[in-house]
Amino acid sequence: MVNTLISMDAASALIVAHPGHEIRLHGWLESTSPRVFILTDGSGRSGKSRINAATKYLGMVGIKPGSIFGRFTDRAVYQAILDRNFDFFIRLVDELSDAMVRFPLRYVVGDAIEGYNSTHDVCRLIINCAVEAANRSNGHQIANYDYPVVSRPDCCPGDLQDRAIWLNLDEPTFKRKIAAAQAYYPELFAEVEESLKDQGKGPLKTYLDHYSEAGHGRATGLDMFR
């Protein structure tokens, strides 16, 4: 989702479902220092939290966490979805909306709906509702941007390209981004590398292949993350 183009220097927030998503936007994080909200601890099926890695990474780039930062396990969010626990999600919308008005923010960036992970998609619904609520009570419009979490970072629908914010990282920034990803979550980084070399297996490889066949994006290999 994209609204009117806005200066990147304006006050902003990043809202993501899981720790690790923020590294996709490393160059933007370095240049703008947004407030970062992370809904879950990224524990998934393993039960092993990744929120400490997020804390360390954001500290490295000089960013303080928002009020919601790994508050829930993945299992808790999945259960809330299965239980149709609307109050659970309404409370998140209210808290995020209040934060948007209080700071105040000019634009928000968050996970896109991609049909890959239900928590990613629900995070986008929460963001949309929170921005709408903040705009109704705020007096100025908060712009609302999404970005691909799983599919290619250089993938953008044609009708949105002229209104999207595009960053092409210089070599030092790109190297810092790749190094941060390798240190943050080496298992996931290795899976991405294998998938891009056509050697990986599993849903990530299938998903990336689908987007490649559809003609999305231009760069190849890790360079697409530039």
Side-chain angles (χ1 to χ4, degrees), residues 8-9 11-78 92 95-96 99-100 102-103 105 107-112 114 116-117 119-120 122-124 126-127 145-151 153 165 167-196 200 204 222-226:
M8 286 198 305
D9 294 332
S12 61
L14 174 66
I15 304 172
V16 301
H18 296 125
H21 293 188
E22 67 278 12
I23 290 188
R24 278 249 173 163
L25 301 176
H26 177 87
W28 176 68
L29 289 172
E30 280 193 350
S31 63
T32 62
S33 297
R35 296 183 182 272
V36 175
F37 299 82
I38 302 177
L39 302 187
T40 77
D41 63 2
S43 54
R45 296 177 181 176
S46 70
K48 184 178 179 181
S49 172
R50 299 203 311 264
I51 203 65
N52 287 339
T55 302
K56 182 178 180 180
Y57 167 70
L58 292 177
M60 180 184 72
V61 292
I63 296 174
K64 294 182 178 180
S67 59
I68 301 172
F69 196 75
R71 181 179 296 176
F72 308 105
T73 64
D74 288 281
R75 289 179 180 272
V77 175
Y78 287 136
L92 283 174
E95 182 172 348
L96 289 170
M100 292 175 190
R102 185 171 67 253
F103 287 137
L105 300 179
Y107 72 107
V108 172
V109 179
D111 294 353
E114 300 176 277
Y116 181 84
N117 180 286
T119 304
H120 299 186
V122 166
C123 180
R124 168 45 52 187
I126 291 170
I127 294 167
Y145 292 87
D146 64 12
Y147 73 103
V149 179
V150 181
S151 59
I165 292 176
L167 292 179
N168 291 292
L169 305 185
D170 59 30
E171 191 62 22
T173 307
F174 182 56
K175 286 182 176 179
R176 290 194 297 274
K177 178 177 183 176
I178 296 300
Q182 288 173 316
Y184 190 111
Y185 198 26
E187 297 89 351
L188 179 58
F189 187 85
E191 182 183 357
V192 171
E193 280 195 301
E194 290 299 299
S195 296
L196 293 176
L204 177 60
L222 287 178
D223 202 54
M224 75 172 70
F225 294 98
R226 186 183 294 276

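Here the structure is a predicted model, which is why all the values come from computation and not from measurement.
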ask   = Any idea how Y107 and Y145 line up, ring-wise: parallel (<30°), tilted (30 to 60°), or perpendicular (>60°)?
value = perpendicular
Grab the two heavy atoms, one from [X] and one from [Y], that are nearest each other, plus how far apart they are.
{"X": "H120", "Y": "D111", "answer": "O-CB, 4.0 Å"}
{"X": "E22", "Y": "A54", "answer": "OE2-CB, 3.8 Å"}
{"X": "R50", "Y": "G42", "answer": "NH1-O, 3.3 Å"}
{"X": "A180", "Y": "M60", "answer": "CB-CE, 4.2 Å"}
{"X": "A13", "Y": "L105", "answer": "CB-CD1, 3.4 Å"}
{"X": "S67", "Y": "E95", "answer": "OG-OE2, 3.1 Å"}

Nearest-0.5 Å distance, [atom1] of residue [X] to [atom2] of residue [Y]:
{"X": "I38", "Y": "L58", "atom1": "CD1", "atom2": "CG", "result": "6.0 Å"}
{"X": "M100", "Y": "I127", "atom1": "CE", "atom2": "CD1", "result": "7.0 Å"}
{"X": "D146", "Y": "I15", "atom1": "CG", "atom2": "CD1", "result": "12.5 Å"}
{"X": "L39", "Y": "F72", "atom1": "CG", "atom2": "CZ", "result": "7.5 Å"}

message = Working note: H26 + F174, criterion side-chain contact (heavy atoms from CB on, under 4.5 Å); need CA distance, chi angles, decisive distance, verdict.
response = CA-CA 9 Å; H26 177 87; F174 182 56; over 6 Å; no
Please examine the side chains of [Y] and [X], heavy atoms only from C-beta on, and report whether any two atoms are closer than 4.5 Å.
{"X": "Y147", "Y": "V16", "answer": "yes"}
{"X": "E114", "Y": "P148", "answer": "yes"}
{"X": "Y184", "Y": "P19", "answer": "yes"}
{"X": "V149", "Y": "Y116", "answer": "no"}
{"X": "S33", "Y": "V61", "answer": "no"}
{"X": "I126", "Y": "F37", "answer": "no"}
{"X": "N117", "Y": "H18", "answer": "yes"}
{"X": "L29", "Y": "Y57", "answer": "yes"}

request  = Report, as yes or no, whether the 6.0 Å neighbourhood of atom CZ on R45 holds more than 12 heavy atoms from other residues, nucleotides or ligands.
outcome  = no
query = Is there a donor-acceptor pair closer than 3.5 Å between any side-chain N or O of R35 and the backbone N or O of K64?
reply = no
key: Among K177, E30, K175, the one residue meeting side chain to side chain contact (heavy atoms under 4.5 Å, CB included) with L169   = K177
ask   = Can W28 and I165 be said to form a side-chain contact (heavy atoms from CB on, under 4.5 Å), step by step?
value = CA-CA 10 Å; W28 176 68; I165 292 176; 5.8 Å; no
message = One pair to check against side-chain contact (heavy atoms from CB on, under 4.5 Å): D74 and D41. What are the steps and the verdict?
response = CA-CA 7 Å; D74 288 281; D41 63 2; 4.0 Å; yes
